[in-house]
Amino acid sequence: MTDLVLDLFKLSNGMLLAGDRLVADLGLTSARWQVLGTIVAADRPQPVAWLARDMGANRQNVQRIVNDLAKEDMVAFAPNPHHRRALLVVLTDKGRQAFEAAMDLQAPWINRLAEGLQIRDIVTTHDVLIALKRKLESDGDTEEPMR
(Lines give C-alpha, C1' and ligand atoms only; values in the text may rest on other atoms or scores of the structure.)
Protein backbone atom coordinates (compact mmCIF):
# COMPACT_ATOMS: atom_id res chain seq x y z
CA MET A 1 0.00 0.00 0.00
CA THR A 2 2.86 2.38 0.77
CA ASP A 3 4.32 1.80 -2.70
CA LEU A 4 0.90 2.48 -4.22
CA VAL A 5 0.53 5.78 -2.33
CA LEU A 6 4.05 6.90 -3.25
CA ASP A 7 3.36 6.11 -6.89
CA LEU A 8 0.05 8.01 -6.69
CA PHE A 9 1.96 11.08 -5.45
CA LYS A 10 4.39 10.76 -8.37
CA LEU A 11 1.52 10.23 -10.82
CA SER A 12 -0.34 13.24 -9.46
CA ASN A 13 2.73 15.45 -9.86
CA GLY A 14 3.31 14.10 -13.37
CA MET A 15 -0.31 14.70 -14.37
CA LEU A 16 -0.17 18.28 -13.08
CA LEU A 17 3.06 18.96 -14.99
CA ALA A 18 1.68 17.42 -18.18
CA GLY A 19 -1.55 19.38 -17.78
CA ASP A 20 0.40 22.60 -17.23
CA ARG A 21 2.33 22.00 -20.45
CA LEU A 22 -0.83 21.07 -22.37
CA VAL A 23 -2.71 24.30 -21.56
CA ALA A 24 0.16 26.78 -21.08
CA ASP A 25 -0.43 28.47 -24.46
CA LEU A 26 -4.03 29.14 -23.39
CA GLY A 27 -2.93 31.14 -20.35
CA LEU A 28 -3.97 28.31 -18.06
CA THR A 29 -2.39 25.96 -15.56
CA SER A 30 -3.74 22.62 -14.40
CA ALA A 31 -5.15 24.36 -11.31
CA ARG A 32 -6.90 27.07 -13.33
CA TRP A 33 -8.22 24.48 -15.76
CA GLN A 34 -9.60 22.45 -12.85
CA VAL A 35 -11.35 25.50 -11.37
CA LEU A 36 -12.88 26.39 -14.75
CA GLY A 37 -14.02 22.77 -15.14
CA THR A 38 -15.62 22.79 -11.71
CA ILE A 39 -17.52 25.97 -12.60
CA VAL A 40 -18.66 24.44 -15.90
CA ALA A 41 -19.78 21.22 -14.17
CA ALA A 42 -21.85 23.02 -11.53
CA ASP A 43 -25.62 23.20 -11.97
CA ARG A 44 -25.58 26.92 -11.17
CA PRO A 45 -23.10 29.60 -10.09
CA GLN A 46 -21.51 28.83 -6.73
CA PRO A 47 -19.42 30.69 -4.17
CA VAL A 48 -15.73 29.86 -3.86
CA ALA A 49 -16.30 27.72 -0.74
CA TRP A 50 -18.66 25.43 -2.66
CA LEU A 51 -16.27 25.19 -5.61
CA ALA A 52 -13.48 24.23 -3.21
CA ARG A 53 -15.71 21.60 -1.61
CA ASP A 54 -16.59 20.13 -5.01
CA MET A 55 -12.89 20.02 -5.93
CA GLY A 56 -11.81 18.55 -2.59
CA ALA A 57 -9.47 21.52 -2.31
CA ASN A 58 -8.54 24.19 0.20
CA ARG A 59 -10.85 27.21 0.01
CA GLN A 60 -8.02 29.72 0.27
CA ASN A 61 -6.17 28.14 -2.66
CA VAL A 62 -9.30 28.14 -4.79
CA GLN A 63 -9.98 31.77 -3.82
CA ARG A 64 -6.49 32.76 -4.97
CA ILE A 65 -6.97 30.99 -8.32
CA VAL A 66 -10.45 32.50 -8.79
CA ASN A 67 -9.04 35.97 -8.07
CA ASP A 68 -6.33 35.40 -10.68
CA LEU A 69 -8.93 34.20 -13.21
CA ALA A 70 -11.06 37.27 -12.47
CA LYS A 71 -8.08 39.58 -13.14
CA GLU A 72 -7.80 37.92 -16.57
CA ASP A 73 -11.55 38.23 -17.21
CA MET A 74 -12.09 34.46 -17.30
CA VAL A 75 -14.53 34.58 -14.39
CA ALA A 76 -16.63 37.31 -12.80
CA PHE A 77 -18.41 37.71 -9.50
CA ALA A 78 -22.17 38.02 -9.13
CA PRO A 79 -24.33 38.84 -6.12
CA ASN A 80 -25.44 35.85 -4.07
CA PRO A 81 -29.09 36.16 -3.04
CA HIS A 82 -28.47 33.77 -0.14
CA HIS A 83 -25.32 35.33 1.31
CA ARG A 84 -24.28 38.97 1.06
CA ARG A 85 -20.51 38.37 1.33
CA ALA A 86 -20.09 35.03 -0.49
CA LEU A 87 -20.26 36.19 -4.10
CA LEU A 88 -21.07 33.71 -6.85
CA VAL A 89 -18.37 32.83 -9.39
CA VAL A 90 -19.54 32.88 -13.00
CA LEU A 91 -17.70 31.97 -16.16
CA THR A 92 -17.17 34.74 -18.72
CA ASP A 93 -17.12 34.17 -22.48
CA LYS A 94 -13.32 34.35 -22.35
CA GLY A 95 -13.25 31.71 -19.60
CA ARG A 96 -15.61 29.42 -21.49
CA GLN A 97 -13.50 29.74 -24.65
CA ALA A 98 -10.32 28.94 -22.70
CA PHE A 99 -11.96 25.91 -21.07
CA GLU A 100 -13.31 24.62 -24.39
CA ALA A 101 -9.89 25.08 -26.02
CA ALA A 102 -8.30 23.14 -23.15
CA MET A 103 -10.80 20.32 -23.59
CA ASP A 104 -10.06 20.23 -27.33
CA LEU A 105 -6.39 19.67 -26.43
CA GLN A 106 -7.28 17.19 -23.71
CA ALA A 107 -9.18 14.72 -25.91
CA PRO A 108 -6.25 13.48 -28.04
CA TRP A 109 -3.92 13.65 -25.01
CA ILE A 110 -6.17 11.45 -22.85
CA ASN A 111 -6.64 9.04 -25.75
CA ARG A 112 -2.86 8.67 -26.05
CA LEU A 113 -2.63 8.01 -22.31
CA ALA A 114 -5.30 5.31 -22.57
CA GLU A 115 -3.64 3.51 -25.49
CA GLY A 116 -2.85 -0.09 -24.61
CA LEU A 117 -4.87 -0.06 -21.39
CA GLN A 118 -7.82 -2.39 -20.92
CA ILE A 119 -11.17 -0.81 -20.03
CA ARG A 120 -11.67 -3.31 -17.20
CA ASP A 121 -8.31 -2.29 -15.72
CA ILE A 122 -9.23 1.38 -15.90
CA VAL A 123 -12.58 0.66 -14.21
CA THR A 124 -10.94 -1.43 -11.48
CA THR A 125 -8.31 1.24 -10.84
CA HIS A 126 -11.00 3.89 -10.62
CA ASP A 127 -12.98 1.75 -8.17
CA VAL A 128 -9.91 1.32 -5.95
CA LEU A 129 -9.21 5.06 -5.98
CA ILE A 130 -12.82 5.84 -5.04
CA ALA A 131 -12.68 3.31 -2.19
CA LEU A 132 -9.46 4.90 -0.88
CA LYS A 133 -11.00 8.38 -1.15
CA ARG A 134 -14.07 7.28 0.83
CA LYS A 135 -11.88 5.65 3.47
CA LEU A 136 -9.88 8.86 3.87
CA GLU A 137 -13.06 10.87 4.21
CA SER A 138 -14.67 8.51 6.72
CA ASP A 139 -11.48 8.39 8.81
CA GLY A 140 -11.36 12.19 8.88
CA ASP A 141 -7.91 12.23 7.27
CA THR A 142 -8.86 14.98 4.83
CA GLU A 143 -9.50 18.61 5.70
CA GLU A 144 -12.43 18.78 3.30
CA PRO A 145 -14.36 16.10 1.38
CA MET A 146 -12.54 15.01 -1.77
CA ARG A 147 -14.48 15.06 -5.05
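Predicted model, so just to flag it, every value in this text is computed and none were measured.
Once rounded to the nearest 0.5 Å, the distance linking CZ of F99 with CD of Q106 reads 8.5 Å. Rounded to the nearest 0.5 Å, atoms CG (L8) and CG (L132) are 7.5 Å apart. Interatomic distance, CD1 of I39 versus CZ of R96, reported as 10.0 Å (0.5 Å rounding). Taking CD from Q97 and CG from L91, the interatomic distance works out to 10.0 Å, rounded to the nearest 0.5 Å. Rounded to the nearest 0.5 angstrom, N58 CG and R53 CZ are separated by 15.0 Å.
Among residues two or more places apart in sequence or in another chain, the salt bridge (charged side-chain N to carboxylate O under 4.0 Å, His left out) test is passed with E100 by none. Every residue meeting the side chain to side chain contact (heavy atoms under 4.5 Å, CB included) condition with L17, not counting sequence neighbours, appears here in chain and number order: R21.
Contact check for W50 versus P47: side-chain heavy atoms found under the 4.5 Å cut-off. Taking 4.5 Å as the limit, every side-chain heavy atom of F77 sits out of range of all side-chain heavy atoms of V90.
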Q) Would L87 and V48 satisfy side chain to side chain contact (heavy atoms under 4.5 Å, CB included), going step by step from the backbone distance to the final call? A) CA-CA 8 Å; L87 297 174; V48 168; over 6 Å; no
Q: Might you work through the side chain to side chain contact (heavy atoms under 4.5 Å, CB included) test for L11 and D7, ending with a clear yes or no?
A: CA-CA 6 Å; L11 175 62; D7 284 340; over 6 Å; no
**Q.** Stepwise side chain to side chain contact (heavy atoms under 4.5 Å, CB included) check, E137 with K135
**A.** CA-CA 5 Å; E137 289 172 350; K135 180 110 175 100; over 6 Å; no
N/O donor to acceptor pairs below 3.5 angstrom from side-chain atoms of residues 108-118, sequence neighbours left out:
unit_1	atom_1	unit_2	atom_2	d
N111	ND2	A107	O	3.2

Show every donor-acceptor pair shorter than 3.5 Å between a side-chain atom in residues 62-69 and any protein atom, with sequence neighbours excluded, or say none if there are none.
unit_1	atom_1	unit_2	atom_2	d
Q63	NE2	N67	OD1	2.9
N67	ND2	Q63	O	3.4

For a quick test of your reading: what N or O donor-acceptor pairs under 3.5 Å do the side chains of residues 28-38 make, sequence neighbours left out?
unit_1	atom_1	unit_2	atom_2	d
T29	OG1	A31	N	3.4
T29	OG1	R32	N	3.1
S30	OG	L16	O	2.8
S30	OG	D20	N	3.1
S30	OG	D20	OD1	3.0
R32	NH1	G27	O	3.2
R32	NH1	E72	OE1	3.2
R32	NH1	E72	OE2	3.0
R32	NH2	E72	OE2	3.3
T38	OG1	Q34	O	2.9

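Within 6.0 Å of atom CG in D25, 12 or fewer heavy atoms from other residues, nucleotides or ligands are found, so the atom counts as exposed in its surroundings. Counted within 6.0 Å of CG on N13, heavy atoms from surrounding residues, nucleotides or ligands total more than 12; the atom is thus considered enclosed.
Between V23 and A102, the closest heavy-atom pair is CG1-CB, 3.7 Å.
Residue L136 is not grouped with residue M1 when hydrophobic side chains (ILVMFWY) are merged at heavy-atom distances under 4.5 angstrom, including chains of intermediate members. L4 and L129 fall within the same hydrophobic cluster, where Ile, Leu, Val, Met, Phe, Trp and Tyr residues are linked whenever their side-chain heavy atoms come under 4.5 Å apart, directly or through other members.
Under the 4.5 angstrom side-chain criterion for Ile, Leu, Val, Met, Phe, Trp and Tyr, L88 has no cluster partners at all.
With hydrogens and angles disregarded, a donor-acceptor distance shorter than 3.5 Å links the side chain of T92 to the backbone of D73. Of the possible donor and acceptor atoms, one in the side chain of S138 sits under 3.5 Å from a partner among the backbone N and O of R134.
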